[in-house]
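The structure under discussion appears below in the form of structure tokens.
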Amino acid sequence: MTQAHTVPASAGASPAAALVAADMNDADLHDLVLAQLDDDQAQDVVSIPLEGKSSIADHMVIASGRSTRQVASMAQKLAEKVKEKGFGPVRVEGLPAADWVLIDAGDVIVHLFRPEVRSFYNLERMWSFETGEAAGGRA
């Protein structure tokens, strides 16, 4: 699920250099997501590394908002910021109810919850492949 980032042929970059540039951009996307959630005062932000464990994404970020209004606002701002910074369009699911909003930004999947809904589904436990890994991935 790596986003394709191309380097112009005139740049003379080797395929390995282009791959490193793509990886840096994937890390930049993850950092952008975490920074935006911090700016929006998301609560209990957890980042679970999925690289090598799942082909759906490289990172899964789970966070809570205090209300449906905050969850919806965080989701909209995050989607806009990702697009604005050149990572392409994102898919947003669950925005009308805003109890659980899924944001698919390619290599980073973001789940935003109201606290009660988050504790019910407990995604951290489902996606932790080793004991305590989700807790160790707190951002």
Identify the two heavy atoms, one from Met74 and one from Gly65, that lie closest to each other, and give their separation to 0.1 Å. CE-CA, 3.7 Å

Between Leu50 and Ala57, what is the shortest heavy-atom contact and its length? CB-O, 3.3 Å

To the nearest 0.5 Å, what is the distance between CE (Met60) and CG (Asp107)? 13.0 Å

Partner of Val33 by side-chain contact (heavy atoms from CB on, under 4.5 Å), out of Val45, Asp28, Val110: Val110

Point-to-point distance, once rounded to the nearest 0.5 Å, from CD1 of Ile48 to OG of Ser54: 11.0 Å

Determine which pairs satisfy side-chain hydrogen bond (donor to acceptor under 3.5 Å, both in side chains) with at least one residue from residues 66-90, sequence neighbours left out, and list them in order. none

Does Arg118 use its side chain to pair, donor to acceptor, with the backbone of Leu112 at less than 3.5 Å? no

Output the distance between atom CG (Leu37) and atom CD (Gln43), rounded to the nearest 0.5 Å. 12.0 Å

Quick one: does Ile103's side chain get under 4.5 Å of Ile109's, heavy atoms only? no

Atom pair CZ/CG of Phe113 and Asn122 - distance to nearest 0.5 Å: 9.5 Å

Show every ring pair (Phe, Tyr, Trp, His ring centres under 6.0 Å) that has at least one partner inside residues 52-80, sequence neighbours left out. His30-His59

Closest non-hydrogen atoms of Trp100 and His111, given as atom of the first, atom of the second and distance, are NE1-ND1, 3.0 Å

Quick one: OG on Ser119 to CZ on Arg125, what's the gap to the nearest 0.5 Å? 13.0 Å

Whether Asp104 side chain and Gly106 backbone form a donor-acceptor pair below 3.5 Å: yes

State which residues pass side chain to side chain donor-acceptor pair (under 3.5 Å) with Asp38; sequence neighbours excluded, sorted by chain then number. none

Residues Glu93, Arg91: salt bridge by 4.0 Å N-O rule: yes

Can you check whether Val92 reaches Val101 side chain to side chain, under 4.5 Å on heavy atoms? yes

Compare all side-chain heavy atoms of Val71 with those of Asp99 and state whether any distance is below 4.5 angstrom. no

Atom CG in Leu29, atom CG in Leu34: separation rounded to 0.5 Å? 9.5 Å

Which atom names give the shortest non-hydrogen contact between Ala79 and Val90, and what distance separates them? CB-CG2, 3.4 Å

